[in-house]
Structure formats: C-alpha cells, structure tokens
Number of protein chains: 2
Amino acid sequence: MSTREQLITSTRELLWERGYVGTSPKAVLQRAGVGQGSMYHHFSGKRDLALAAIRRTAEELRAKAEEQFTATGTALERISAYLQRERDVLKGCPVGRLTQDPDVMADPALRAPVDETFDWLRHRLAAVLKEGRDDGELNAAMNPAETASMVVAVLQGGYVLARAAHSTEPFQHAVAGVLGLLACQATTPSQ
Amino acid sequence: MSTREQLITSTRELLWERGYVGTSPKAVLQRAGVGQGSMYHHFSGKRDLALAAIRRTAEELRAKAEEQFTATGTALERISAYLQRERDVLKGCPVGRLTQDPDVMADPALRAPVDETFDWLRHRLAAVLKEGRDDGELNAAMNPAETASMVVAVLQGGYVLARAAHSTEPFQHAVAGVLGLLACQATTPSQ
DNA sequence: GTCTATATGTCGATAGAC
DNA sequence: GTCTATCGACATATAGAC
C-alpha cells in the first residue's frame with residue numbers, strides 16, 4: 001500500500017475510534033508508520049486528510065449496503081438481511097459517529113459525505129419498501145419514506161445502546177423489535 | 001447560583017456541545033466566568049467535574065422521561081407523547097452523545113450513568129408496553145423488551161439522522177414511522 | 001518523497017499569593 | 001475560596017536537510 005493510502009487507512013481507523021477532535025496528526029503518523037513530512041506532502045493538513053478518509057469510508061458503506069439491497073429475495077428479506085448482516089456493533093457506525101463531532105458538522109465539506117450517505121440510505125431503503133408495497137408484499141398503508149427513516153434510525157440508535165451497555169444485546173433487541181413490527185406489515189404471512 | 005453549580009452547568013453545556021474529549025477546563029472556566037483555582041478547589045480535575053456533570057444530566061433525563069411514562073392515557077398514548085415531546089433535535093441527546101466519547105466509555109465511573117440511564121429507559125418503556133399488552137390494548141405477540149429497545153433506538157438514531165442532515169425532518173419521519181407500526185399493534189383501531 | 005528539527009499555541013494540573 | 005503564575009506535555013504546522 002502506498003504511503004498516501006496508508007495515511008488514509010490509519011486516519012479512517014482513528015476517526016472511527018476517537019472521532020475528529022480526538023485524532024491528532026501525530027497519532028495518525030505513528031499508526032501509519034511514516035514521518036510527519038509525508039503527511040504534509042500528500043495532504044495540506046489534518047482537515048484535508050480527514051476529508052479524504054471520510055469520503056472513502058462513506059463510499060465503502062454505501063457500496064456494502066447496496067450489496068444487500070440488490071440481492072435476491074423479497075423486500076422484507078433484503079431489509080432483514082441488511083439489518084442482520086455481520087457488524088462490529090460495539091465499534092458503532094463509522095459514518096454515524098461523525099455526527100457527534102462538532103468540528104465535522106460545522107465544516108460543510110466534512111459534513112457533506114455524512115449527509116449524502118444517510119440521505120442515500122434513506123432513499124434507497126424507501127425504494128425497496130415501496131417496491132414491496134407496490135408488489136402487494138407489504139401493507140398498502142405503510143409509508144415508505146417514514147419507515148425507511150425509522151429503519152436507519154434503529155440501526156444508528158442500536159449502536160448507541162450497545163456502546164452504552166458494552167453489550168450487543170440492546171442492538172439485537174432493537175433489530176428484532178423492528179423486524180417483528182415489519183413482519184406485521186406483510187400481507188402474506190412470512191412463514 | 002454557587003460557583004460550584006455554575007461550573008457543573010457550564011460543563012454540562014460543553015459536554016453536550018463538544019463531548020468530553022473536545023471540552024477543556026479552560027473553556028469551562030471561561031463559560032462559567034471563574035478562575036482556574038475555583039475549579040481545582042471544588043473538583044479534583046476535569047474527570048471529577050465531568051462525573052458530576054454527567055450524573056446530573058442523567059438524573060434530569062430520567063426525571064423528564066418518567067413524567068411522560070406516568071401521565072394519564074393508554075400505553076400507546078404515553079409512548080406517543082414521549083416520542084413527540086418537544087426536543088432540541090439538532091443538539092441531540094446529552095446522554096447518548098457520550099457513547100461516542102472513547103474516554104468516557106473507557107472509564108467505568110463516567111460510563112455508569114450513561115449505561116444506567118439507557119438500561120432504565122428500556123426497562124421502563126418495556127413495562128409500559130407490557131402493561132398495554134396485558135390490558136389487551138396491544139397485540140399479545142408483541143415483545144415488550146424488544147419493542148422498548150427499538151423505541152429508544154429510534155430516538156437515538158433519529159438524532160443522528162437529524163444532525164447529519166442539519167434538519168429535523170428525518171427525526172420526525174423516524175418517529176412517525178415507528179408510531180405508524182406501533183398503531184398496527186393496537187387490538188382496537190386507534191382512530 | 002520522506003525525514004528530523006523547530007515554532008507557537010493549548011491541555012490539564014500545580015503552586016502559592018490574597 | 002478565588003485568583004494569577006507557571007509547568008511539562010502534546011497539538012498542529014513550517015522549515016529545510018537528504
């Protein structure tokens with residue numbers, strides 16, 4: 001991996017673990033195993049490096065989610081697969097985490113990838129839900145946009161509860177809870 | 001307000017806005033309008049002051065939630081009132097926010113009030129849901145513990161989405177979405 | 001391109017005057 | 001109790017050698 005890529009990788013890890021405010025250039029350099037000069041050669045500074053890291057993380061998250069959404073199966077099956085896919089629950093969401101960083105939220109360029117990721121996620125999930133509704137799989141009264149926002153919120157909130165408890169249980173419960181309610185929206189029994 | 005109380009108040013505000021890592025003693029003192037000596041007289045340091053602030057914030061959150069849970073009305077009405085009560089959505093949850101702070105999560109004493117708050121919230125909501133189920137108001141198949149975790153997760157995740165979008169809309173959608181699904185659990189039509 | 005040396009400010013805490 | 005002075009360490013960036 002090139003020095004530039006190594007710097008981006010280390011920054012992504014540290015942003016996930018400690019956030020923007022809690023991540024120093026020094027810590028990035030130590031983890032990447034390069035000197036200070038390399039960083040200021042490839043990037044103009046901490047902000048510029050974080051921008052590259054955040055964009056990369058957002059791209060990857062979207063690509064991974066799209067895999068679940070375009071898989072085979074009913075709308076409910078795909079959403080269930082998305083919610084239940086393997087996740088590092090106690091580490092939380094590398095994108096959602098950034099919303100708690102005041103310096104990231106205050107900077108339009110740093111916030112943009114975060115905003116776009118959740119906007120995309122909500123619309124993508126709403127499309128899957130609408131598909132299910134139009135196919136007669138889901139209750140006609142179900143509101144796709146609202147339900148999609150709720151599904152994304154359950155994931156993000158599930159991470160919060162899991163971290164607070166130092167346990168994945170609340171996350172699993174929240175996911176099971178939403179899947180239970182969604183199953184009631186199925187016009188044909190899911191079993 | 002006493003100097004000690006003023007310090008706790010300023011710390012609570014800054015922890016909410018900037019988190020533990022992003023809050024310096026200097027910033028607390030400036031906001032409180034006191035000198036450095038006052039802080040180290042009343043508290044042993046940043047951690048000790050944060051501990052007092054976090055405990056106070058957790059207490060207040062529980063007291064405010066309990067108001068909604070013990071109000072009059074059906075289980076669904078009380079949960080709906082809790083979800084739709086006035087909130088500073090874009091500021092997020094002052095307790096949930098702390099779960100993204102690595103130094104808070106790594107310190108058992110600082111994490112305890114956060115853990116206890118969400119644990120209490122989930123159990124308290126589960127009790128209200130169970131009550132509604134046992135009274136025949138809600139579907140007998142509804143799992144109170146899972147549904148309670150889901151409701152808390154929707155709130156916490158709603159904050160994340162709202163902050164990412166710089167708009168309360170995703171939060172409102174998520175709440176509307178969960179209320180829509182919960183209404184389907186009512187054994188008698190809610191209208 | 002990558003390194004080390006250096007600069008300037010802030011962090012978190014201590015010392016001691018009043 | 002509250003203040004200012006001071007401390008060693010670290011944050012972020014620049015300079016300049018190789």
Side-chain angles (χ1 to χ4, degrees), chain A residues 1-56 97-98 100-111, chain B residues 1-56 97-98 100-111:
Chain A
M1 187 155 34
S2 72
T3 300
R4 188 190 152 88
E5 282 301 306
Q6 188 56 59
L7 282 165
I8 292 178
T9 298
S10 298
T11 304
R12 292 177 61 192
E13 291 173 6
L14 280 164
L15 284 180
W16 196 357
E17 294 167 21
R18 303 199 43 83
Y20 183 76
V21 173
T23 297
S24 69
K26 187 182 176 184
V28 171
L29 300 172
Q30 284 176 341
R31 184 167 300 206
V34 303
Q36 214 154 6
S38 296
M39 178 186 133
Y40 286 101
H41 172 73
H42 292 289
F43 302 95
S44 68
K46 174 179 174 174
R47 194 200 95 115
D48 190 36
L49 178 49
L51 186 55
I54 291 173
R55 283 179 174 158
R56 186 72 62 85
R97 199 235 175 284
L98 300 169
Q100 302 304 325
D101 235 306
D103 292 1
V104 172
M105 290 297 99
D107 186 322
L110 293 178
R111 185 173 70 84
Chain B
M1 186 152 38
S2 72
T3 298
R4 188 189 153 87
E5 281 302 306
Q6 187 57 58
L7 281 165
I8 292 178
T9 300
S10 298
T11 304
R12 291 177 61 193
E13 291 172 6
L14 280 163
L15 285 181
W16 196 356
E17 294 167 20
R18 302 198 45 82
Y20 183 77
V21 174
T23 297
S24 68
K26 187 182 176 185
V28 171
L29 300 173
Q30 283 176 343
R31 185 168 298 206
V34 302
Q36 211 155 7
S38 296
M39 180 187 130
Y40 285 101
H41 172 73
H42 292 288
F43 303 94
S44 67
K46 173 180 175 175
R47 193 200 96 116
D48 189 35
L49 178 49
L51 186 54
I54 291 173
R55 283 178 174 161
R56 186 71 62 83
R97 200 234 174 283
L98 300 169
Q100 302 304 324
D101 234 306
D103 293 1
V104 172
M105 290 300 99
D107 185 323
L110 293 179
R111 186 174 70 85

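By convention in this document, chain letters (A, B, ...) are assigned in the order of the sequence lines, proteins followed by strands, and residues within each chain are numbered from 1.
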For [X] and [N], give me the distance from atom [atom1] to atom [atom2], rounded to whole Å.
X      : N       : atom1 : atom2 : answer
L14(B) : dC11(C) : CG    : C1'   : 15 Å
Q6(A)  : dC3(C)  : CD    : P     : 12 Å
F43(B) : dG1(D)  : CZ    : C1'   : 14 Å
D48(B) : dA13(C) : CG    : C1'   : 14 Å
R4(A)  : dT2(C)  : CZ    : C1'   : 16 Å
M1(A)  : dG1(C)  : CE    : P     : 18 Å

Donor-acceptor contacts under 3.5 Å from residues 19-30 of chain B side chains, at least two apart:
| unit_1 | atom_1 | unit_2 | atom_2 | d |
| --- | --- | --- | --- | --- |
| T23(B) | OG1 | L14(B) | O | 3.2 |
| T23(B) | OG1 | G19(B) | O | 2.5 |
| S24(B) | OG | A27(B) | N | 3.2 |

| What pairs with D48(B) under salt bridge (Lys or Arg N to Asp or Glu O under 4.0 Å), at least two apart in sequence or on another chain? | none
| remark: Closest non-hydrogen contact found for Q6(A) with M1(A) is OE1-CE, 3.3 Å
How about [X] and [Y]: do any of their side-chain heavy atoms sit closer than 4.5 Å?
X       : Y      : result
L110(B) : R47(B) : yes
L49(A)  : H42(A) : no
R55(B)  : L51(B) : yes

| note | In short, the helix from dG1(C)-dC18(D) to dC18(C)-dG1(D) is bent end to end, axes from five pairs each side, to 10°, by 10°
| message | Taking 4.0 Å as the cut-off, does a side-chain nitrogen or oxygen of H41(A) come that near to OP1 or OP2 on dC3(C)? | response | no
| Would you say dT2(D) has OP1 or OP2 under 4.0 Å from some side-chain N or O of T3(B)? | yes
| Can a salt bridge be assigned to the pair E17(A) and R97(A) using a cut-off of 4.0 Å between side-chain N and carboxylate O? | no
| task | Do nucleotides 6-18 of chain D as a string where each nucleotide becomes B, S or -: B if the base has a protein heavy atom under 4.0 Å, S if just the sugar-phosphate does, - if no protein is that close. | result | -----SBBB----
| field | Partners meeting side chain to side chain donor-acceptor pair (under 3.5 Å) with R12(A) (sequence neighbours left out) | value | T57(A), E60(A)
| request: Output all residues satisfying side chain to side chain donor-acceptor pair (under 3.5 Å) with E5(B), sequence neighbours left out; order by chain, then residue number. | output: R56(B)
